Amino acid sequence: MTKHNVAHNLSNSDTRPKCFNAATLKMSALSLATAMSALGLSQVAHAELTWGNSEENTYQQPSNFEQSSNFEQPSNFQQSTNFQQDSSVSSFNAAAQAESRGDVNALYNYEQSMSGGLFAMYPTYWRMNLDLNAQSSAAVSQFVRQYPNTVMAEKLAADFAETKAAAGDYASVRQVANLITNADASERCAIGLGFNNGGDTMRAMAEKSDVWLKTLKQPALCEQLATEMNNNALISNQDRAARLKRMLRKGKTGDIMTLSSRLGATIPYSALSEIQLSPTSFFSRFGMQPNSQTNQYLYLYAMGRLADKSYREASQQLEFDIKQDNQRSARLLNDDTRRYAYRILGVERMGHNTDDGFNAEAVDWFRNSLDNDFNFEEAEDYAIAAIRFSRWDDVVEAISKMDAETQKTNKWQYWLARAYEQSGDNSKRSTAKKMYQQLAKSNEYYGLMAKDKAGQRFDINALGGNNLPNVSSADRARVLQDPNFARAFALYNGDANRTHANREWNWAVKQARDKRDDNLIIAAALQAHDVGWLDRAIYAADNTDKASSLALSHPMPHQSSVVRYSQTAGIDPAWAYGIMRQESRFVTSARSNVGASGLMQIMPDTAKYIARNLGEAYSATKANSGDTNIRYGTWYMSDILAKLNSQPVLATAGYNAGPNKAKRWQPVYGTLDADQYVESIAYPETRNYVKHVMENATIYSNLLGRGQPITQRMGTIPAAF
């Protein structure tokens with residue numbers, strides 16, 4: 001059958017506002033005492049969907065801006081609080097059309113006619129945006145002063161910084177750096193580049209932990225910053241050696257040559273090129289080479305290239321070389337080289353779990369590579385491999401290699417508690433119980449899992465149950481007295497492009513959150529809920545620190561259809577809602593970047609498969625409609641469930657990545673605890689997806705009066721054969 005595909009963007013951010021997760025990755029050990037001190041931390045989590053015709057979670061970086069520093073200062077911008085009387089959204093839509101045509105003259109006219117209104121900043125922004133690279137930092141600064149605390153001022157400054165950093169105009173970047181208050185990764189790197197080149201080198205180093213040792217794909221400006229940091233005076237030779245090893249593993253020739261040169265062990269391009277052509281030829285002559293630092297580096301480069309071809313062949317080569325080397329009077333392979341060669345094998349092996357199946361050899365290779373120089377990617381791979389095979393001592397070891405703040409997140413506190421729970425040490429088992437009790441204060445995935453471990457029940461009444469929150473008339477009035485929320489609602493009601501409305505909404509939530517104004521956020525969320533803007537109501541409810549309302553964060557639209565079609569298909573309606581909330585956030589028109597559509601995000605080929613099995617003629621319009629999309633989606637969930645051992649975790653993974661992938665991640669023999677299966681899913685997107693759906697379904701089961709603990713819901717994963 002045709003595999004089902006869905007949108008995979010489940011990031012914790014929208015266009016400007018973001019929720020931040022700890023992701024800095026230095027090495028530090030987490031002792032039992034440290035674990036005890038971590039009790040008391042919690043984490044805010046939320047997820048967003050990207051659909052095809054909007055930039056729900058990401059900026060569209062403009063390519064051009066027109067220089068202008070002589071626009072007029074409106075005398076009454078944002079002074080009035082009677083925003084309900086502002087009807088300039090129609091002018092906004094017209095100006096947006098002028099911007100799409102590149103009509104500068106029309107934008108000038110709209111600047112004058114819209115002056116002082118809610119959307120006064122937009123025509124100026126769009127006009128400047130037509131040639132961003134030609135703008136001056138003075139013009140950008142003036143725009144920010146003119147429209148302070150607006151999302152478009154933030155966006156202009158951030159886009160300008162990225163554009164100028166890409167052009168190498170670092171002085172301009174530095175001049176606007178302090179105007180950017182909510183930078184994403186690329187924007188932070190743009191600022192880092194600005195200060196790394198002729199500015200505050202210490203400020204540039206703020207990005208080191210996120211970019212220096214990272215080998216997974218990152219924004220181009222972050223790649224550039226990591227490369228240029230080699231010349232930062234605060235980068236030590238120890239730092240350079242650590243990065244060089246990662247670049248040798250990845251085969252990044254330019255970085256290898258630059259870093260090795262600074263370390264006094266210059267690696268010529270010719271040597272790298274020769275090894276690239278034939279790693280085995282290098283290994284055959286390695287025993288005749290002197291024990292130089294350059295040769296140690298070349299050995300790791302050759303090991304990386306051979307592992308790219310075959311990790312099995314690379315492991316055999318390493319074992320042979322170590323055996324031979326141990327028989328020499330003077331060893332040619334240093335301990336550090338041996339350890340990192342095993343690290344190369346461990347990382348490479350974890351990239352083949354879907355194709356080749358899981359194997360505990362990955363844990364052994366990481367164990368053989370133990371030192372004090374892990375980056376987060378390596379530590380996470382080690383931890384996941386150890387979790388998969390219940391190697392609990394290795395789980396503790398792997399977590400200890402993560403940054404101290406990362407160790408304290410709910411995810412790694414949960415797995416540390418799981419590891420301590422298996423210990424023969426009574427004090428560690430006691431600590432595990434306390435950790436579960438602390439984690440159980442949260443109602444996200446790990447919190448729900450911890451509740452079951454701690455013997456606690458999920459209490460929907462403490463979160464308002466099915467009742468919408470009581471909001472005072474004063475707080476209701478404050479929503480449209482807030483210019484950011486007023487703009488968001490005006491754009492939503494005025495049928496403007498959803499991108500703009502969502503951006504303004506998320507910025508409004510961020511501003512209120514920064515002020516710890518939970519009452520305003522909940523009041524806005526309730527108003528969004530009342531007008532059917534459910535995805536933003538969810539976003540707002542998920543971004544409150546204190547106030548909680550399940551009726552806002554987990555709405556149940558189309559309830560009669562969802563329950564009826566779920567029962568017809570023989571599946572749990574709570575699971576159907578869990579899928580729907582994660583797939584579309586209840587946006588009927590949602591469309592993913594791979595073409596999935598509707599509330600249940602069904603691909604066209606999948607919809608055809610469903611229609612054929614239901615004995616219906618396929619109609620794209622019909623398949624994407626709310627009612628039919630629900631009927632098709634619930635039928636397909638039932639279809640996958642039947643093919644995957646009636647196991648809801650497997651079926652959820654199958655709904656996202658395809659049934660065949662879910663099967664490949666099953667254990668070959670015996671059974672596996674569901675949380676271990678989920679944590680070891682080879683695709684990070686699917687891994688997070690399954691966690692969110694299981695969390696959603698657990699909450700919805702309680703809202704529907706059929707509460708089922710998450711551990712019971714997830715069950716046990718059977719062997720694939």
Side-chain angles (χ1 to χ4, degrees), residues 14-17 54-55 58-74 76-78 83 86 88-164 172-173 175-176 179-184 187 190 483-484 486-488 490-491 494 496-508 510-511:
D14 200 292
T15 306
R16 286 284 84 211
S54 70
E55 56 169 0
T58 57
Y59 261 60
Q60 294 175 349
Q61 177 171 315
S63 57
N64 295 305
F65 248 66
E66 178 172 325
Q67 183 172 0
S68 174
S69 59
N70 59 350
F71 45 83
E72 295 182 5
Q73 173 83 27
N76 61 339
F77 175 70
Q78 291 190 359
F83 297 119
D86 190 302
S88 59
V89 69
S90 58
S91 296
F92 170 93
N93 288 328
Q97 293 178 8
E99 186 271 340
S100 66
R101 300 191 306 268
D103 190 338
V104 175
N105 290 331
L107 290 173
Y108 268 118
N109 291 333
Y110 284 116
E111 285 182 65
Q112 302 305 312
S113 64
M114 295 170 65
S115 176
L118 266 178
F119 303 99
M121 69 291 294
Y122 276 92
T124 304
Y125 171 87
W126 284 327
R127 179 171 56 79
M128 295 176 73
N129 188 35
L130 293 174
D131 191 2
L132 180 58
N133 199 43
Q135 298 302 316
S136 68
S137 56
V140 172
S141 297
Q142 183 176 341
F143 183 90
V144 173
R145 288 194 302 272
Q146 185 172 1
Y147 302 109
N149 302 317
T150 65
V151 69
M152 299 314 294
E154 171 80 8
K155 184 166 172 24
L156 178 61
D159 289 348
F160 178 79
E162 284 187 295
T163 300
K164 291 299 184 179
S172 291
V173 174
Q175 288 163 1
V176 301
L179 303 177
I180 303 170
T181 63
N182 194 41
D184 63 18
E187 294 154 5
N484 299 307
R487 270 190 292 273
L491 290 168
N497 187 305
R498 183 67 64 86
T499 297
H500 303 298
N502 287 355
R503 182 192 294 123
E504 289 285 0
W505 177 270
N506 291 6
W507 180 258
K510 179 190 180 298
Q511 296 298 297

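A quick note: this is a predicted structure, and the numbers were derived from the prediction, not measured.
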(request) Could you tell me how the ring of Phe92 sits relative to the ring of Phe119: parallel (under 30°), tilted (30 to 60°) or perpendicular (over 60°)? (result) tilted
(request) Work out which heavy atom in Ser172 is nearest to a heavy atom in Ser137; give both atom names and the distance. (result) O-CB, 4.2 Å
(message) Has Ser115 got a side-chain atom pairing as donor or acceptor with Gln112's backbone, closer than 3.5 angstrom?
(response) no
(message) As an exercise, state the distance from CZ of Arg101 to CD of Gln97, rounded to the nearest 0.5 Å.
(response) 6.5 Å
(request) Taking all non-hydrogen atoms of both residues into account, name the closest pair between Leu118 and Pro483 and its distance. (result) CD2-O, 3.8 Å
(message) Can you list everything that forms a side chain to side chain contact (heavy atoms under 4.5 Å, CB included) with Ser113? Sequence neighbours excluded, please.
(response) Tyr110
(request) Kindly indicate whether the side chain of Val144, heavy atoms from C-beta on, has any atom under 4.5 Å from the side chain of Leu156. (result) no
(message) A side-chain contact here means heavy atoms from C-beta on lying under 4.5 Å apart; do Tyr147 and Thr150 qualify?
(response) yes
(request) Report the distance from atom CG of Leu130 to atom CG of Leu107, rounding to the nearest 0.5 Å. (result) 6.5 Å
(request) Give every residue pair that meets the salt bridge (Lys or Arg N to Asp or Glu O under 4.0 Å) criterion with at least one member in residues 89-98, sequence neighbours excluded. (result) none
(message) Checking the side chain of Trp507 only, and the main-chain atoms of Asn149 only, is there a donor and an acceptor separated by less than 3.5 Å?
(response) yes
(message) Between Ser88 and Ser91 (side chain of the first, backbone of the second, donor and acceptor by atom type, cut-off under 3.5 Å), is there such a pair?
(response) no
(request) With the side chain counted from C-beta on, respond yes when Val89 and Leu491 share a heavy-atom pair under 4.5 Å apart, and no when they do not. (result) yes
(message) Can you confirm whether Lys155 sits close enough to Arg503 that some side-chain heavy atom of one is under 4.5 Å from a side-chain heavy atom of the other?
(response) yes
(message) Minimum heavy-atom separation for Ala161 and Ala190, please, with both atom names.
(response) O-CB, 3.7 Å
(request) From the options Val173, Val176, Asp159, select the one residue that forms a side chain to side chain contact (heavy atoms under 4.5 Å, CB included) with Lys164. (result) Val173
(request) Over all heavy atoms of both residues, which pair between Ala157 and Leu179 is shortest? Give the atoms and the distance, please. (result) CB-CB, 4.1 Å
(request) Indicate yes or no: at least one non-hydrogen side-chain atom of Glu99 is less than 4.5 angstrom from one of Tyr125. (result) no
(message) Taking the side chain as everything from C-beta on, heavy atoms only, tell me whether Arg487 gets closer than 4.5 Å to Met152.
(response) no
(request) Enter the distance from Asn484:CG to Asn506:CG here, rounded to the nearest 0.5 Å. (result) 11.5 Å
(message) Any side-chain to backbone donor/acceptor pair from Glu187 onto Asp184? Under 3.5 Å, distance only.
(response) yes
(request) Decide yes or no for Gln175 and Ser141: does some side-chain heavy atom of the first lie under 4.5 Å from some side-chain heavy atom of the second? (result) no
